[in-house]
Amino acid sequence: MLYIVDRRKNPKGKSLGNRQRFMRRAKAQIKKAVEDTIRTRGITDINSGDSITIPGKTLHEPGFHHARRGGDRNYVLPGNKKFVPGDRIARPQSGDGGAGGSQASPDGDGEDEFQFTLSRDEFLDIFFEDLELPDLLKKSLKQTTAFRTARAGFSSDGTPANLSLVRTMRNSLARRIGLRRPKTAEIRDLEEKIAALQAKAEKRPSGKLTKPDEDTLHMLLADLEEAKRRMKAIPFIDPIDTRYNQFQQIPDPNTQAVMFCLMDVSGSMSEQMKELAKRFFMLLHLFLHRRYEHVDVVFIRHTSRAAEVDEETFFYSRETGGTIVSTALEEMKRVLKDRYPTDQWNIYAAQASDGDNYSNDGAKCTALLAEDLLPKCQYYAYIEITDEREAEIFSSAEGETALWKAYAPVARANARFALKRVTKAADIFPVFRELFAKNRAEKLSGVKG
């Protein structure tokens, strides 16, 4: 029987084993506390740990204890100035004496709460527990690292399909030369000389050769016999001659992604709408960083014209104007062509808009999406940001925006394209979870790239 004793020190003197057991036991409460914390903290603060509070009642463990009723008990109450031995203490109004509520009372009674600190990795693991990247089959994302086959010299064993004829014949020739294996031409020459001497003997009246010719014939017969024996003993191709082409799998890192952020900054987009878009973009960027070693971010803002800008300009520039969405899609197409080949980059895009668009621009947008962008993207999410007062109007078919009407047929035809509406900050995370839920990712994994 094998016994293993782990004497490694726990980090910072804490009990790692107890911590892990506690997290497994209180997983539901910890997950709920994390979700409650997300509602109150900014998206930019998610990429860090946090202290969460778990109600004490959820950590209760069953155990044996004495009943409150029955039996004789003696209590020592220090500081008693009201009762003397023999006095009867009135029973509390609530019965056996109730536990305090979860909220503190003016008298200081209440139920203790347990505060638990999660590390950054623990917090993010719970935060993204139910989320997954869609279209995992494209470009070997299921392995995060693609492999390519490369030649790795020769091997003495392998499959017949990988047999190297040139290298095998070269080894065979070198071995036969080194062992002096007779050539077929040499054996044929000996046989011809023997046949000539035998024909010469038949022409003589005695039917016999002279002494010198007879000695020569015996010598030739001995040489022929030795040559045939050596030819059989030294094969033309021996197993030690065979060489096979060897191949090995070379890792080809495929852990880089580019995230395109497209946002409408026309006059109809209020600062509140831009802030909601910013929150979604940051959440997506953080999520991609959890799945890829390197993530590029391309910011494209548009009015009636589109341009690639830096992050500061993207979120805080005061430029405004009309709305032509196709300009942003054309700019994304240009950047993809210039800097991000699809065989080296995993491409994601998120577009935020209030839905307004030039009346004749919808057909051009759908054509750019269907023909140029979606075939290259792993995923494309369109987030339409609406005012809360207009949410009910836009929920009906008559109230749909111009861009929503143009994009809806594309979403129905292509599983890698999704569109959702957001009206307030509380909608960001639920919409994000719906877009990247595991069941949706598994459904999209069947889509061929």
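Legend: residues meeting ring pair (Phe, Tyr, Trp, His ring centres under 6.0 Å) with Tyr382, ordered by chain and number and at least two apart, are Tyr407. Applying the ring pair (Phe, Tyr, Trp, His ring centres under 6.0 Å) criterion to Phe314, with sequence neighbours excluded, gives Phe281, Phe299.
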Take Lys193 and Leu197, measure what side-chain contact (heavy atoms from CB on, under 4.5 Å) needs, and give me the verdict at the end. CA-CA 6 Å; Lys193 290 180 179 179; Leu197 289 175; 5.8 Å; no

Checking ring pair (Phe, Tyr, Trp, His ring centres under 6.0 Å) for the pair Phe417/Tyr380: CA distance, chi angles, key distance, verdict? CA-CA 5 Å; Phe417 183 81; Tyr380 193 111; 5.4 Å; yes

I'd like to know whether Lys364 forms a side-chain contact (heavy atoms from CB on, under 4.5 Å) with Glu330, so could you lay out the CA-CA distance, the side-chain angles of the two residues, the decisive distance to 0.1 Å, and finally the verdict. CA-CA 10 Å; Lys364 187 175 182 181; Glu330 288 177 340; 2.8 Å; yes

Evaluate Glu331 against Arg334 for salt bridge (charged side-chain N to carboxylate O under 4.0 Å, His left out), listing each step before the verdict. CA-CA 5 Å; Glu331 181 68 9; Arg334 182 193 66 79; 2.6 Å; yes

Are Glu226 and Arg229 close enough, and set up right, to give a salt bridge (charged side-chain N to carboxylate O under 4.0 Å, His left out), and what steps lead you there? CA-CA 5 Å; Glu226 176 64 15; Arg229 185 190 67 79; 2.7 Å; yes

side-chain contact (heavy atoms from CB on, under 4.5 Å), that's the test. Do Val297 and Glu311 meet it? Break it down for me. CA-CA 9 Å; Val297 184; Glu311 184 175 357; over 6 Å; no

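When atom types are taken as modelled, the side chain of Thr168 and the backbone of Ser164 share a donor-acceptor pair closer than 3.5 angstrom. Using a distance-only test at 3.5 Å, with no hydrogens or angles considered, no donor-acceptor pair links the side chain of Arg181 to the main chain of Gly178. A donor-acceptor pair under 3.5 Å links the side-chain atoms of Asp361 to the main chain of Val325, judged by distance alone. Under the 3.5 Å distance criterion, the side-chain polar atoms of Asn357 are left unmatched by any main-chain donor or acceptor of Ala402. No donor-acceptor pair closer than 3.5 Å links the side chain of Asn346 to the backbone N or O of Ala257. With Arg176 contributing its side chain and Ile234 its backbone, the two residues share no donor-acceptor pair below 3.5 Å. Using modelled atom types, no side-chain atom of Arg180 and backbone atom of Arg230 make a donor-acceptor pair closer than 3.5 Å. Not a single donor-acceptor pair under 3.5 Å links the side chain of Arg204 to the backbone N or O of Thr210.
Annotation: the span from Lys376 atom NZ to Leu336 atom CG amounts to 6.0 Å, rounded to 0.5 Å. Separation of atoms OG1 (Thr386) and NZ (Lys424) is listed at 9.5 Å; rounding is to 0.5 Å. For the atom pair Ile324 CD1 and Leu329 CG, the distance stands at 12.0 Å (nearest 0.5 Å). Atoms CG and CZ, from Leu369 and Arg416 in turn, are 12.0 Å apart once rounded to the nearest 0.5 Å. Rounding to the nearest 0.5 angstrom, the gap separating the CG atom in Leu165 from the CG atom in Asn245 is 9.0 Å. Here the CE atom belonging to Met231 is positioned 4.0 Å from the OG1 atom belonging to Thr184, to the nearest 0.5 angstrom.
A 4.5 Å side-chain heavy-atom check between Ile194 and Leu217 finds at least one atom pair inside the cut-off. Contact annotation: the side chain of Leu373 never approaches that of Phe260 to less than 4.5 Å [non-hydrogen atoms, C-beta and beyond]. Leu224 has its side chain out of reach of Leu220: every pair of non-hydrogen atoms, C-beta onward, lies at least 4.5 Å apart. Taking the side chain as every heavy atom from C-beta outward, His302 and Thr323 approach each other to under 4.5 Å. Residues Thr159 and Tyr244 fail the side-chain proximity criterion, which asks for heavy atoms closer than 4.5 Å. Taking the side chain as every heavy atom from C-beta outward, Phe280 and Ile385 never approach each other to under 4.5 Å. Contact check for Gln351 versus Ile383: no side-chain heavy atoms found under the 4.5 Å cut-off. Contact of the Thr423 side chain with the Arg421 side chain is not registered, since no non-hydrogen atoms from C-beta on lie closer than 4.5 Å.
Of all heavy-atom pairs between Gln246 and Ser155, the closest is OE1-CB, 3.9 Å. In this structure, Gly355 and Glu384 approach most closely via the heavy-atom pair CA-OE1, 3.6 Å. Considering every non-hydrogen atom in both Leu403 and Ser353, the closest pair reads CD2-OG, 3.9 Å. Taking both residues in full, the closest heavy atoms of Trp345 and Val258 are given as CE3-N, 3.9 Å, listed atom of the first, atom of the second, then distance. Considering all non-hydrogen atoms of both residues, Ile187 and Ala227 come closest at CG1-CB, 4.0 Å. Across Ser326 and Cys365, no two heavy atoms sit closer than the pair N-SG, 3.5 Å.
Shown here is Phe154, whose CZ atom has more than 12 heavy atoms of other residues, nucleotides or ligands within 6.0 Å.
Using a 4.0 Å cut-off between charged nitrogen and carboxylate oxygen, Arg175 and Asp238 do not count as a salt-bridge pair. Salt-bridge check for Glu308 with Arg339: passed, with a basic side-chain N closer than 4.0 Å to an acidic carboxylate O. The existence of a salt bridge linking Glu191 and Arg188 is excluded, since no basic side-chain nitrogen approaches an acidic carboxylate oxygen closer than 4.0 Å.
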